[in-house]
Amino acid sequence: MRCVAVPCLPETAGEPGLAAADLLLRGGQREFTARGALDRLERSARRV
């Protein structure tokens, strides 16, 4: 299972709990799209 972290506030992106995510969208909700997140996770899975 993969974990995507989307912080409510971009300034909280450095918190330790978010660092464990497979994909951290530091820009928060402004940066998130389902397609974009899925594409990035699929690309990272191919590199493993």
Side-chain angles (χ1 to χ4, degrees):
M1 181 187 315
R2 299 287 180 171
C3 175
V4 177
V6 183
C8 295
L9 301 170
E11 50 273 4
T12 63
E15 292 186 6
L18 298 176
D22 297 296
L23 174 60
L24 172 58
L25 300 173
R26 293 187 171 279
Q29 300 247 344
R30 291 174 292 156
E31 186 179 335
F32 179 82
T33 65
R35 171 53 44 198
L38 181 60
D39 288 346
R40 288 170 71 178
L41 289 170
E42 287 176 338
R43 282 194 307 268
S44 70
R46 282 187 230 129
R47 284 185 251 147
V48 174

**Q** Enumerate the salt bridge (Lys or Arg N to Asp or Glu O under 4.0 Å) contacts for residues 17-28, please, sequence neighbours excluded, ordered by first and then second residue.
**A**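 Listed once each, the pairs are Arg2-Asp22.
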
**Q** Tell me, please, which residues at least two apart from Arg40 pass salt bridge (charged side-chain N to carboxylate O under 4.0 Å, His left out).
**A**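 Checked Arg40 against salt bridge (charged side-chain N to carboxylate O under 4.0 Å, His left out); matches are Glu31.
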
**Q** Measure the shortest side-chain to side-chain distance between Pro10 and Arg30 over non-hydrogen atoms and say whether it is less than 4.5 angstrom.
**A**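 A side-chain contact under 4.5 Å exists here.
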
**Q** Checking Glu15 now: which residues fulfil side chain to side chain contact (heavy atoms under 4.5 Å, CB included) with it, not counting sequence neighbours?
**A**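 With sequence neighbours excluded, Glu15 shows a side chain to side chain contact (heavy atoms under 4.5 Å, CB included) to Thr12, given in chain and number order.
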
**Q** Can you see which heavy atom on Leu24 is nearest to which on Pro7, and at what distance?
**A**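 Nearest pair, atom of Leu24 first, then Pro7: CD1-CD, 4.0 Å.
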
**Q** Quick one: list whatever passes side chain to side chain contact (heavy atoms under 4.5 Å, CB included) with Leu38, sequence neighbours left out.
**A**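 With sequence neighbours excluded, Leu38 shows a side chain to side chain contact (heavy atoms under 4.5 Å, CB included) to Arg35, Glu42, given in chain and number order.
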
**Q** In the hydrophobic cluster built from side-chain contacts under 4.5 Å, what are the other members alongside Leu23?
**A**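 Result for Leu23 is Val4, Val6, Leu25, Phe32, Leu41.
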
